[in-house]
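To start, the structure itself, in structure tokens.
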Protein chains: 2
Amino acid sequence: MEFHQLRYFCAIADSGGFSRAARLTHVSQPSLSQQIHKLEEELGAQLFDRIGRTVRLTELGRAFLPRARALLSDLEAARSAVAESSTSITGSVCVGVIPTIAPYFLPPLLATFSRRYPQARVTVVEEITPLLLERMRSGAIDVAVVAVPLQARGHEFQTFPLIEEKLYAALPKRHALAKRKSITLGELHDEPFLLLRDGHCFRETAVAACKRARVQPKIIFESGQFSSILSMVCAGLGVSIIPAMALEKRNGCQFVPLEDGRATRAIGAVTLNGRSLSRVQQAFLTHLTAKIASKPAHPAQ
Amino acid sequence: MEFHQLRYFCAIADSGGFSRAARLTHVSQPSLSQQIHKLEEELGAQLFDRIGRTVRLTELGRAFLPRARALLSDLEAARSAVAESSTSITGSVCVGVIPTIAPYFLPPLLATFSRRYPQARVTVVEEITPLLLERMRSGAIDVAVVAVPLQARGHEFQTFPLIEEKLYAALPKRHALAKRKSITLGELHDEPFLLLRDGHCFRETAVAACKRARVQPKIIFESGQFSSILSMVCAGLGVSIIPAMALEKRNGCQFVPLEDGRATRAIGAVTLNGRSLSRVQQAFLTHLTAKIASKPAHPAQ
DNA sequence: AGAATGGATAGGCATTGCCTATAGGACTAG
DNA sequence: CTAGTCCTATAGGCAATGCCTATCCATTCT
């Protein structure tokens, strides 16, 4: 049983004849005859009585007609549902973001996105990069905003660069170097360091910067968030390295740009390669990249 | 979009892979690949994400899946509804019958039929033959029980002979010939005749019998039913011709068989040629012919 | 690294759906 | 009653297509 057979059946039932139906469906009359015969054979019963030169539904055909109609209209409904869902911006986006980006970067973007696409439902997952990537692989997360480049195999994910921000040394206000215009990590080689816990990729970024400056940081405290670290810095317990977006006005804290030109953090949006994005998801990604382009990459302190 | 594509789609979604689905559906993996590609192309969107060597539904595919399932199960439902309705004896039969047969012949048959097929709904239409035939042509009546043979073109209707009954002269009890074992119409040529109204085919039967006996009946009364006529005969107003099944015990009336060997009425079941009968309708027809075979064609007076 | 697994692609074959032409019935008009 | 017409069924041919095998390519497991 095929859809076109059902179409022909309905057309014949509606128009009351094979020839009339043939004109309606733009199919030759013999084709209709043939397909209805096939259908009748498959069902093991006649759908039409051919009496004289008129055609009339059998009782069975009369019973079958509404079902055939329902099938056809459901087919149409399914087809147009697909068409609709590929034009309308509806549905949900699940965006993953690492903790060192989440509080500074995402909120304003989410606000504008929700205002622009009220139908869209956005959920945010805040995890460290490897967990985000794993959830991307499993399909739970659609887009991730993380530090780039990724370590993962080059072609497993697709990266959309967003911004690159400078790194700053965070010093207690009364620190000897706190008034400097810029600073090198070498100048801090004796200071106690406050860094993020292992697992946070920004820790690697900071450690890498230290390594470039041939500094082996003395880590005396590890935390999961910058605000804790900054509080410690204010209290004069040590120094830290902070990305531009995490700078916040604090009484006891001073931020000095690192001289190292490579001391930056690049942030990008990442999607699983080969994964098709729905319209909302695509829109979200576009929203990210577009909005960022018009945003200052290095906001003043 | 075709049913087999939907089947493949569901199989792949269920089994989680083309190869697995290929084993399930007994179709080669390339065929599945091909058909899904076609489907995706027609819909203008991907249904699956092929990531690495795993396959996962896209959001759209996830939305499409229940619709595809519904279509397939509705198809199955339609198919089995047809199968069921061609095995189960359910539904309605509309049987037409002429007034000169209806009261005598049908009631016991309807009773046994209804007892045997309680699901069946039988409706009876009582009309004169030409109207019954017209309603057969329009499909309103499924089977008609009428006097045969029909005048109509030989192949328009199909006839199933049921019984052939003798004709009787109905005479007032005190009529001179009332005690005879048999009688010819010639012997009644001067009598006033009470006959059925024009349109009733038994009138033609009776008139034909008279014509054979070279009698021109003097018709003094016409009615639509035998019981009225018999009452008149009882009252001594005239004589009549009555088929065997219409004989009823009456005080003032005597029935004498006609000698004319051809003075009979044949009754048959008739269906429109080319018209397919449902199971109930077929069962009713069978019931008619079968039950009749075991019935005495000429019940004693 | 090599083997195994899974999907995509290419090419060939058989099926099939549609076409035109025509047969054959049945209704209609002269 | 016959010619004409209107309808469905059939026959035959052609192009499209669904399925197959063989193979490729990427991924994943050992």
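Labels below follow one simple rule: chain letters A, B, ... track the order of the sequence lines, proteins then strands, and each chain is numbered from 1.
Under 3.5 Å, the side chains of Gln281(A) and Glu59(B) contain a donor-acceptor pair of N or O atoms. For the 3.5 Å distance criterion, the side chains of Ser276(A) and Asp49(B) qualify, holding a donor opposite an acceptor. If you check the side chains of Ser19(B) and Gln29(B), you find no donor sitting under 3.5 Å from an acceptor. Between the side chains of Arg265(B) and Thr100(B), at least one donor N or O lies within less than 3.5 Å of an accepting N or O.
Here the P atom of nucleotide dT17(D) and the CG atom of Leu39(B) are 15 Å apart, to the nearest Å. Between the CG atom of Leu32(B) and the C1' atom of dT9(C) there is a distance of 15 Å, rounded to whole Å. Rounding to whole angstrom units, CD of residue Gln46(B) and P of dG7(C) are separated by 14 Å. In this structure, the CZ atom of Arg275(B) is 18 Å from the P atom of dA26(C), given to the nearest Å. If you measure from atom NZ of Lys38(B) to atom C1' of dC19(D), you get 12 Å, rounded to the nearest angstrom. Atom pair His4(A):NE2 and dT16(C):P shows a separation of 11 Å (rounding to whole Å applied). Note: OH (Tyr8(A)) to P (dG17(C)) measures 9 Å, nearest angstrom. Following rounding to the nearest Å, Glu41(B) (CD) and dA8(C) (P) show an atom-to-atom distance of 14 Å.
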Could I get a table of every N or O pair under 3.5 Å where one atom is in the protein and the other is in nucleotides 9-11 of chain D?
from: dA9(D); atom 1: OP1; to: Arg50(A); atom 2: NE; distance (Å): 2.6
from: dA9(D); atom 1: OP1; to: Arg50(A); atom 2: NH2; distance (Å): 3.4
from: dA9(D); atom 1: OP2; to: Ser33(A); atom 2: OG; distance (Å): 2.5
from: dA9(D); atom 1: N7; to: Gln29(A); atom 2: NE2; distance (Å): 3.0
from: dA9(D); atom 1: N6; to: Gln29(A); atom 2: OE1; distance (Å): 3.3

Heteroatom pairs (N/O) under 3.5 angstrom, protein to nucleotides 28-30 of chain C:
none

Begin from the C-alpha positions of Arg69(A) and Asp14(A) and carry the test salt bridge (charged side-chain N to carboxylate O under 4.0 Å, His left out) through to its verdict. CA-CA 11 Å; Arg69(A) 271 202 238 278; Asp14(A) 290 342; 2.8 Å; yes
Under the criterion side-chain contact (heavy atoms from CB on, under 4.5 Å), I'd like the reasoning laid out for Tyr8(A) against Val27(A): C-alpha separation, chi angles, the key distance, then a yes or no. CA-CA 9 Å; Tyr8(A) 297 166; Val27(A) 168; 3.6 Å; yes
Arg79(A)/Glu42(B) under salt bridge (charged side-chain N to carboxylate O under 4.0 Å, His left out): CA gap, chis, key distance, verdict: CA-CA 9 Å; Arg79(A) 196 196 301 280; Glu42(B) 180 182 346; 2.3 Å; yes
Would Gln46(B) and Glu40(B) count as a side-chain hydrogen bond (donor to acceptor under 3.5 Å, both in side chains) here? Give the steps. CA-CA 5 Å; Gln46(B) 281 195 218; Glu40(B) 288 179 329; 4.7 Å; no
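Between Phe3(A) and Phe3(B), the ring planes lie parallel to each other; the angle is under 30°, not in the 30° to 60° tilted range.
Contacts of residues 9-16 of chain B with DNA chain C (heavy atom under 4.0 Å): none.
When each of Gly17(B) and Glu2(A) is assigned the nucleotide of DNA chain C bearing its nearest heavy atom, the one mapping closer to the 5' terminus is Gly17(B). Nearer the 5' end of DNA chain D, as judged by each residue's closest nucleotide, is the contact made by Gly52(A), out of Gly52(A) and Gln35(B).
Counting any heavy atom pair closer than 4.0 Å across all strands shown, Phe48(B) reaches no nucleic acid atom.
Considering every non-hydrogen atom in both Arg203(B) and Leu196(B), the closest pair reads NH1-O, 2.7 Å.
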